Student: 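Below is a structure I'd like to ask you about.
Throughout, residue positions are numbered sequentially from 1 according to the sequence presented. These figures come from a predicted structure and were not determined experimentally.
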Amino acid sequence: MPNSRARLLVVLVVLCGLCGFLTVAGSPPATAATVPDSLSFDGTALTVSGGRFVDANGREVVLRGYNVSGETKLAENHGLPFASVADAQKSAKALRALGGGNSVRFLLSWAYAEPVQGQVDTAYLAAATAQMRAFLDAGIRVYPDFHQDLYSRYLFDDDSWYTGDGAPKWAVDLGNYPDESCGICIMWGQNITQNGAVKAGQYDFWHNAHGLQDAFLTTAQKVMAYIKQNVSAEEFAGVLGFDPYNEPYAGTYDSGQASRAWEQNVLWPFYVKFRARMDAAGWQDKPALVEPNLFWNGNVSKEEGGLLDAGSLGSRYVFNTHFYDQKAISGILMWGNASDGQYVTDFGTVRDRASALGTTAVVSEFGHPLNGSTAGKAPTVLKAMYQALDSRVKGANWWATPAGSGPVLSGSQWQWDIYNGRHSELMNGNPDKVQTSGDAWNDEDLSAVRLDDNGVVTLRQDARLLDRLYPSATSGSTLAFTYEDRSRDGSTTLTWNPVPSSLPNVSSLVGSGQYGLLVWRSGSGTAPTELHLPASFPTATTTVVSDLGTAYAPPAYTSSTPIGTALEPGGTGSRRLLVTDSDSGKLHYALVTNGATSPSAAVLSAAKSELATWMASKFS
């Protein structure tokens with residue numbers, strides 16, 4: 001997560017992280033009731049198969065959501081994402097209903113989990129697990145993340161311009177590191193490669209100096225065992241996997257070593273060890289979401305990598321990466337706004353690396369500052385990033401070449417911090433440096449939400465941008481997807497993917513409204529294809545045109561209804577569109593729009609005919 005001081009090296013945010021260790025079983029698992037609003041095909045565990053996340057019904061699953069949250073990097077709530085379970089529950093409901101999310105990356109802190117060497121703080125683990133359950137019980141999938149930045153806050157002087165998070169104090173004390181100094185640094189990310197203390201701490205961790213890596217792995221195993229023992233079986237099914245280490249970097253390379261060799265000989269062996277700890281903790285059926293060198297796909301700072309020598313990862317690992325536009329954040333290297341297709345090549349690289357590794361991908365952090373000199377770019381930068389998650393084809397070319405779309409990528413935006421602008425953080429423990437504004441961490445301000453004066457969760461970004469139509473579960477194989485959100489940059493409506501004039505009835509039906517179009521090849525499962533319906537798509541004014549049928553104000557879902565709507569699981573009031581096919585290996589499409597007003601049967605039929613002709617010409 002980038003820095004609101006216009007940082008250049010912006011792709012670091014969470015490195016090592018953190019939770020505790022324990023042989024204690026904790027309290028017995030709660031017997032949670034079935035998640036409200038669930039249907040028979042909901043709630044199964046996800047696995048990796050055929051380069052996709054899949055559920056027990058064989059459907060391709062796309063995860064969209066947020067990082068919860070940078071509050072974990074602060075001391076004010078003792079390394080927890082929320083001050084209370086009630087706040088976690090409030091956030092879970094809002095994240096579904098306002099932000100359209102079906103998943104979260106849930107941050108944990110090694111420093112708070114193991115504050116004394118070899119001793120896990122069970123109170124911290126209990127509080128973190130209770131907050132995690134607030135999301136699981138709202139039908140939101142969770143993948144925990146051991147978070148670190150700049151190795152540890154305990155490296156930094158109390159009057160420093162910067163701070164870190166991650167390793168506990170005892171780990172730093174073992175290193176006897178030099179006094180920290182970044183020199184001439186205008187952005188916090190420069191500490192990664194310029195601050196001698198940070199570089200030394202990172203180096204020691206990767207080389208297991210003082211047994212640090214062994215201690216971390218032991219703690220990680222105990223944390224995972226605790227989580228499994230203290231959630232219900234149904235809740236544990238909602239836990240996707242584990243992100244072992246945020247934004248790894250060598251600190252300093254050994255003589256003759258560069259990024260690629262470091263990934264192969266240092267980073268990958270660590271992931272293999274972590275994978276073994278997952279198995280020992282009872283997480284053997286869940287993937288490790290492993291990150292490459294944080295600079296592998298930067299658009300300014302760039303080093304060779306992407307786990308090029310890891311072989312085929314298969315179903316036991318997920319390729320997990322971050323992306324921030326360093327040029328846009330710098331305020332110097334990119335003067336104007338982002339435009340249509342700006343990031344399709346960068347995100348295409350992510351797709352290609354995952355495919356080469358024989359697995360799927362998740363972009364577990366992306367975002368842009370909402371305050372500071374480059375904040376004005378945020379509406380276009382975020383729109384372009386979501387566009388690139390949806391398809392590797394730019395909007396201007398999508399209708400002409402939809403088959404090049406590639407898989408729809410899963411992603412977690414940075415971040416969801418309900419305390420944004422209301423913090424009270426003593427920076428590096430200094431009572432004379434109380435941080436209250438933004439995210440209260442190194443001048444960052446990226447949270448999509450805040451609490452208003454009445455304590456209500458409120459979006460800080462355009463709802464049309466964040467609460468998006470997307471295929472949350474596809475019964476078969478997704479061939480192409482696009483979504484025109486019509487989000488705003490100030491008073492300007494951003495339309496990057498207009499319906500072409502060659503489809504006049506489809507264009508008339510969409511009008512100036514939002515629309516999404518999904519093309520898929522059916523599988524052998526019986527569960528329907530699902531698309532999240534944003535709040536801007538009220539059921540009463542939503543139009544669906546599909547080869548499986550047409551509907552204006554689609555009815556409630558039943559197993560015999562080709563097109564229907566239902567609530568999403570979790571009792572948050574969010575909704576989904578369910579489209580059911582009864583074949584296998586056939587091409588299908590579904591156009592979903594909120595632009596029409598009581599369209600006639602003739603218009604719906606004409607639009608259906610146009611789309612059928614279009615699909616036949618673009619897909620074989």
Student: Under a plain distance cut-off of 3.5 Å, with no hydrogens placed, do Ser487 and Asp462 share a side-chain donor-acceptor pair?
Tutor: no
Student: Is there side-chain contact between Gln89 and Phe135, with at least one heavy-atom pair below 4.5 Å?
Tutor: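 Counting from C-beta outward, Gln89 and Phe135 never come under 4.5 Å.
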Student: Using the test ring pair (Phe, Tyr, Trp, His ring centres under 6.0 Å), find all partners of Tyr343 that sit at least two apart in sequence or belong to another chain.
Tutor: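 Ring pair (Phe, Tyr, Trp, His ring centres under 6.0 Å) list for Tyr343, sorted by chain: Phe323.
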Student: Which atoms form the tightest heavy-atom contact between Pro144 and Val239, and what is the distance?
Tutor: CD-CG1, 4.2 Å
Student: Would you say Leu98 and Leu466 make side-chain contact, with heavy atoms under 4.5 Å?
Tutor: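 Leu98 does not reach Leu466 side chain to side chain.
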Student: Can you list everything that forms a salt bridge (Lys or Arg N to Asp or Glu O under 4.0 Å) with Arg353? Sequence neighbours excluded, please.
Tutor: none
Student: I want to check something: taking the side chain as every heavy atom from C-beta on, are Gln264 and Leu307 in contact at a cut-off of under 4.5 Å?
Tutor: no
Student: Using a distance-only test with no angle check, is there a side-chain donor-acceptor pair under 3.5 angstrom linking Trp296 and Thr321?
Tutor: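 Result is yes, a qualifying pair exists.
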Student: Could you name each residue pair satisfying salt bridge (charged side-chain N to carboxylate O under 4.0 Å, His left out) that touches residues 520-534, not counting sequence neighbours?
Tutor: Arg59-Glu530, Glu530-Arg576
Student: Could you state the interatomic distance from OG (Ser38) to CG (Leu567), rounded to the nearest 0.5 Å?
Tutor: 10.5 Å
Student: Starting from the C-alpha separation in whole Å, work towards a yes-or-no answer on side-chain contact (heavy atoms from CB on, under 4.5 Å) for Thr129 and Val231.
Tutor: CA-CA 8 Å; Thr129 302; Val231 299; 3.8 Å; yes
Student: Will you find, in the side chains of Asp439 and Gln415, an N or O donor that is under 3.5 Å from an N or O acceptor?
Tutor: yes
Student: Would Phe366 and Tyr386 count as a close aromatic pair, with their ring centres under 6.0 Å?
Tutor: yes
Student: Side chains of Ser49 and Thr47 only: does a donor on one sit below 3.5 Å from an acceptor on the other?
Tutor: no
Student: State which residues pass salt bridge (Lys or Arg N to Asp or Glu O under 4.0 Å) with Arg575; sequence neighbours excluded, sorted by chain then number.
Tutor: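 Checked Arg575 against salt bridge (Lys or Arg N to Asp or Glu O under 4.0 Å); zero matches.
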Student: Heavy-atom distance under 4.5 Å between the side chains of Val408 and Pro471, does that happen here?
Tutor: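 Contact flag for Val408/Pro471 side chains = yes.
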Student: Distance alone, cut at 3.5 Å: any donor-acceptor contact between the side chains of Asp243 and Asn320?
Tutor: yes
Student: What is the distance from atom CG of Asp214 to atom OG1 of Thr219, rounded to the nearest 0.5 Å?
Tutor: 10.5 Å
Student: Is it the case that the side chains of Asn297 and His322 hold a donor-acceptor pair, with the cut-off being a distance below 3.5 Å and no angle test?
Tutor: no
Student: In a check of side chain to side chain donor-acceptor pair (under 3.5 Å) between Asp279 and each of Gln221, Gln284, Arg316, which one passes?
Tutor: Arg316
Student: Classify the angle between the aromatic ring planes of Tyr317 and Trp268 as parallel (below 30°), tilted (30 to 60°) or perpendicular (above 60°).
Tutor: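 Tyr317 and Trp268: tilted rings.
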Student: Measure across Leu578 and Ala566 and return the closest heavy-atom pair with its distance rounded to 0.1 Å.
Tutor: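 The answer is CD1-CB, 3.7 Å.
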Student: Could you please spell out the steps behind the side-chain contact (heavy atoms from CB on, under 4.5 Å) verdict for Leu370 and Gln461?
Tutor: CA-CA 9 Å; Leu370 301 182; Gln461 296 173 273; 3.8 Å; yes
Student: Roughly how far, to the nearest 0.5 Å, is the CG atom of Asp346 from the CG atom of Asp325?
Tutor: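 Spacing of CG (Asp325) from CG (Asp346) equals 7.5 Å.
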Student: Got Asp137 and Glu235 here, is their nearest side-chain heavy-atom distance under 4.5 Å?
Tutor: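 Yes - at least one pair of side-chain heavy atoms lies under 4.5 Å apart.
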Student: Just to verify, which of Phe242, Tyr245, Phe106 counts as forming a ring-ring contact (aromatic ring centres under 6.0 Å, His included) with Phe146?
Tutor: Phe242
Student: When you compare the side chain of Val592 with that of Leu469, does any pair of heavy atoms fall below 4.5 Å?
Tutor: yes
Student: Would you sort out whether Asp390 and Arg468 count as a salt bridge (charged side-chain N to carboxylate O under 4.0 Å, His left out), showing the intermediate values?
Tutor: CA-CA 10 Å; Asp390 289 344; Arg468 307 178 64 77; 3.4 Å; yes
Student: Strictly by modelled atom types, are Tyr483 and Gln387 linked by a side-chain donor-acceptor pair under 3.5 Å?
Tutor: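 No, because no side-chain N or O of Tyr483 sits under 3.5 Å from a partner of the opposite role on Gln387.
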Student: With a 3.5 Å cut-off and no angle check, do the side chains of Thr478 and Thr474 form a donor-acceptor pair?
Tutor: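 Distance-only check passes for Thr478 and Thr474.
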Student: Set out, in order, the CA-CA distance, both residues' side-chain angles and the distance that settles side-chain contact (heavy atoms from CB on, under 4.5 Å) for Gln413 and Asn67, then state yes or no.
Tutor: CA-CA 6 Å; Gln413 183 176 332; Asn67 282 263; 6.0 Å; no
Student: Among all residues two or more places apart in sequence or in another chain, which pass the salt bridge (Lys or Arg N to Asp or Glu O under 4.0 Å) test with Asp352?
Tutor: Arg392
Student: If we only count heavy atoms from C-beta on, is the Thr580 to Thr529 side-chain gap below 4.5 Å?
Tutor: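 SC-SC contact between Thr580 and Thr529 ruled out.
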Student: Working to the nearest 0.5 Å, report the span between CD1 of Ile227 and CG of Leu136.
Tutor: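 One finds 9.5 Å between CD1 of Ile227 and CG of Leu136.
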Student: Apply salt bridge (charged side-chain N to carboxylate O under 4.0 Å, His left out) to residues Asp145 and Arg105 and explain how you reach the verdict.
Tutor: CA-CA 6 Å; Asp145 154 54; Arg105 181 175 183 240; 3.3 Å; yes
Student: Return yes if a side-chain donor-acceptor contact under 3.5 Å exists between Glu71 and Asn77, otherwise no.
Tutor: yes
Student: Does Lys286 count as lying over the ring of Phe236, i.e. NZ or CZ under 6.0 Å from the six-ring centre, within 45 degrees of the axis?
Tutor: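 Yes, cation above the ring, under 6.0 Å and within 45°.
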Student: Considering only heavy atoms from C-beta outward, does the side chain of Tyr271 approach that of Pro248 to under 4.5 Å?
Tutor: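 They are in contact (side-chain heavy atoms under 4.5 Å apart), so the answer is yes.
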Student: With Trp206 as reference, evaluate Trp262, Phe216, Tyr151 under the ring-ring contact (aromatic ring centres under 6.0 Å, His included) test and give the passing residue.
Tutor: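 Of all the options given, the one that passes is Trp262.
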Student: Carefully, step by step, assess Met385 and Phe347 under the rule side-chain contact (heavy atoms from CB on, under 4.5 Å).
Tutor: CA-CA 8 Å; Met385 288 181 177; Phe347 283 59; 4.3 Å; yes
Student: Identify the residue among Ser364, Ser410, Ser412, Ser472 that makes a side chain to side chain contact (heavy atoms under 4.5 Å, CB included) with Leu63.
Tutor: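 It is Ser410; the other options fail the test.
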Student: Taking salt bridge (Lys or Arg N to Asp or Glu O under 4.0 Å) as the definition, give me every residue that meets it alongside Glu60, ordered by chain and number, with sequence neighbours left out.
Tutor: Arg52
Student: Could you tell me if Tyr419 and Glu76 have a donor-acceptor pair between their side chains, going purely by distance under 3.5 Å?
Tutor: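 No, because no side-chain N or O of Glu76 sits under 3.5 Å from a partner of the opposite role on Tyr419.
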Student: Describe, in one word, how the ring planes of His78 and Tyr112 are oriented to each other, choosing from parallel (under 30°), tilted (30 to 60°) and perpendicular (over 60°).
Tutor: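 Correct class here is perpendicular.
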